[in-house]
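Presented below is the structure to which this report refers.
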Protein chains: 2
Amino acid sequence: MEKMTEKGTTVDMVVSMLTERINKGDYSPGSKLPSERKLQEELGVGRLALREALSRLNALGIIETSHGKGTFVQNRLQSSTIKNILIPHFALSDSKRLQELVDARAMIESEIAGLAAQQRTKADIRRLEMILEQEVDSSTPSELVAYLDLQFHQELALIVDNHFLVLMHEALTAHIRTFLNGFVKSRNNPVEVLEAHRPILEAVKRGDAEDARSLVRLHISYSRRDYENFIEKTKE
Amino acid sequence: MEKMTEKGTTVDMVVSMLTERINKGDYSPGSKLPSERKLQEELGVGRLALREALSRLNALGIIETSHGKGTFVQNRLQSSTIKNILIPHFALSDSKRLQELVDARAMIESEIAGLAAQQRTKADIRRLEMILEQEVDSSTPSELVAYLDLQFHQELALIVDNHFLVLMHEALTAHIRTFLNGFVKSRNNPVEVLEAHRPILEAVKRGDAEDARSLVRLHISYSRRDYENFIEKTKE
DNA sequence: GGTTCTTCAATGGTATATCAATTATTTAAT
DNA sequence: ATTAAATAATTGATATACCATTGAAGAACC
């Protein structure tokens with residue numbers, strides 16, 4: 001038994017062994033892990049310890065198992081994984097914590113615009129301008145304007161290509177939405193959107209990260225209004 | 001068997017049962033869960049399924065088990081948990097992803113200063129001024145100045161009291177540090193620190209969030225420099 | 001009486017065996 | 001050749017037994 005050199009329990013050991021192999025590339029993303037029987041034999045542990053370790057990796061979004069098929073290495077961290085982690089710790093009841101998440105989301109959206117201003121190409125700007133033109137077009141129905149608002153911010157995220165920020169933003173948005181549902185109906189005032197997007201695009205165009213950040217921050221102040229409305233109503 | 005009404009596997013079912021109980025307050029933070037034997041009987045599942053579910057909750061930082069004592073509900077999300085989630089997905093080898101984290105950390109530090117400017121009290125400002133006075137004092141050894149730099153930012157974080165931001169910042173810092181180790185020696189130029197902290201404090205003092213954010217952003221540009229040095233050296 | 005030691009019960013940790021459910025592969029029949 | 005059935009491989013789940021750690025109650029000792 002040389003397991004004493006390792007740290008913690010058998011499960012901890014197996015977890016670090018597997019993560020190491022995955023990080024080293026022994027098990028590449030998308031590929032299939034050896035079967036549980038082979039793994040437990042190979043690592044010299046019982047099946048229970050192995051399955052507990054796999055459960056942990058599953059919770060962290062590192063692997064995914066299908067009954068009858070096998071266990072596969074996930075290639076990308078899913079925003080749902082982050083969301084699952086947030087749920088128990090930033091729950092509905094705690095309004096303080098909910099506000100923290102709203103603030104954090106505003107921060108990320110602002111940062112994305114700032115980074116976009118630094119990294120945008122001509123093609124990026126062209127795409128943003130096309131979206132804006134559609135928004136300005138008076139023949140565009142208001143429902144579509146709401147969609148284009150979202151599209152505008154997603155396009156910015158695409159330019160930045162920061163996996164971490166996009167992931168966090170997705171997780172926060174999904175998490176917050178479940179709580180603030182029903183308070184987001186009238187927030188996409190078309191006029192407001194139009195007045196906001198033009199200067200943001202201009203800032204991105206001329207590469208002014210500072211300006212882009214503060215303009216977005218102003219634009220999405222509705223997040224805070226939504227939140228305050230929510231708190232008001234729950235107090236009644 | 002009415003389990004067909006539930007979704008997914010038995011383990012999924014047990015996980016959602018337990019998280020629901022925890023969120024409802026049946027098992028309050030810090031309290032001890034029933035023993036595994038009791039739980040498996042109570043929930044009507046095998047011990048392996050139960051333990052796999054507990055493993056998942058453990059990975060997510062929701063519970064903590066100690067051999068011989070029992071299983072306890074964690075009251076706070078630990079930054080180490082977030083770090084563990086980041087490790088396999090934002091690893092050393094991928095310089096692109098590493099830069100994403102460096103950018104994200106800069107964003108958070110900047111945001112913390114901005115929020116501090118909005119929420120600071122007189123007492124907060126007094127504490128920050130005390131730190132600054134120590135830094136300015138020429139009799140303060142340079143090692144202490146480096147410490148006070150950290151202290152300054154931690155004090156800002158304390159003012160904001162945003163659990164989420166502080167948590168993410170801790171996790172990102174810890175994760176980045178393991179990779180950039182050895183490249184952080186000379187970054188805390190005392191003169192540079194002094195020149196930066198004074199205007200930041202002034203912005204916080206007069207509640208100018210915009211200014212506070214951009215000043216911090218400027219101040220911590222060393223993060224990017226560290227990163228670029230790191231990339232250079234690893235290319236050799 | 002107080003301190004130390006032993007023992008024991010509770011609890012989590014591990015291992016093995018066994019069966020069920022699902023999927024993929026091979027084989028057989030038409 | 002196509003389809004259907006049998007077979008194998010794999011994960012899902014349970015039961016049972018035993019080990020390891022912890023803490024507390026009780027015994028032994030001074």
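In what follows, chains carry the letters A, B, and so on, assigned in the order in which the sequence lines appear, proteins first and then strands, with residues in each chain numbered from 1.
Residue B/Thr10 places at least one side-chain N or O under 4.0 Å from the OP1 or OP2 atom of D/dA13. A close approach under 4.0 Å does occur between a side-chain nitrogen or oxygen of B/Thr65 and OP1 or OP2 of C/dG13.
The two residues A/Arg56 and A/Val11 have their closest heavy-atom pair at NH1-CG1, 3.5 Å. Between B/Ala116 and B/Val160, the closest heavy-atom pair is N-CG2, 3.5 Å.
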Worked verdict on B/Ser55 versus B/Asn58 for side-chain hydrogen bond (donor to acceptor under 3.5 Å, both in side chains): CA-CA 5 Å; B/Ser55 267; B/Asn58 192 294; over 6 Å; no

Pair B/His169-B/Arg105, side-chain hydrogen bond (donor to acceptor under 3.5 Å, both in side chains): steps then yes or no: CA-CA 6 Å; B/His169 185 254; B/Arg105 183 176 60 164; 5.4 Å; no

Criterion side-chain contact (heavy atoms from CB on, under 4.5 Å) on A/Leu39 and A/Arg51, from CA distance to verdict: CA-CA 10 Å; A/Leu39 266 183; A/Arg51 283 185 64 92; over 6 Å; no

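Here the side chains of B/Glu36 and B/Leu54 are in contact, with some heavy-atom distance below 4.5 Å. B/Leu60 is not listed as a side-chain neighbour of B/Thr81, based on a closest heavy-atom distance of 4.5 Å or more. You'll find the side chain of B/Met168 stays beyond 4.5 Å of the side chain of B/Leu165, heavy atoms only.
Residues of residues 40-54 of chain A that place a heavy atom closer than 4.0 Å to DNA chain D, in numerical order, are A/Arg47, A/Arg51. Proximity of residues 57-64 of chain A to DNA chain D (heavy atom under 4.0 angstrom from any strand atom) is not detected for any residue.
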Base versus backbone protein contacts along nucleotides 4-11 of chain C [heavy-atom cut-off under 4.0 Å; B, S, -]: -------B

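Salt bridge annotation for B/Glu41-B/Arg37: absent, with no cationic side-chain nitrogen under 4.0 angstrom from a carboxylate oxygen.
A/Ser28 places no side-chain N or O within 3.5 Å of a backbone atom of A/Gly25 that could act as its donor or acceptor partner.
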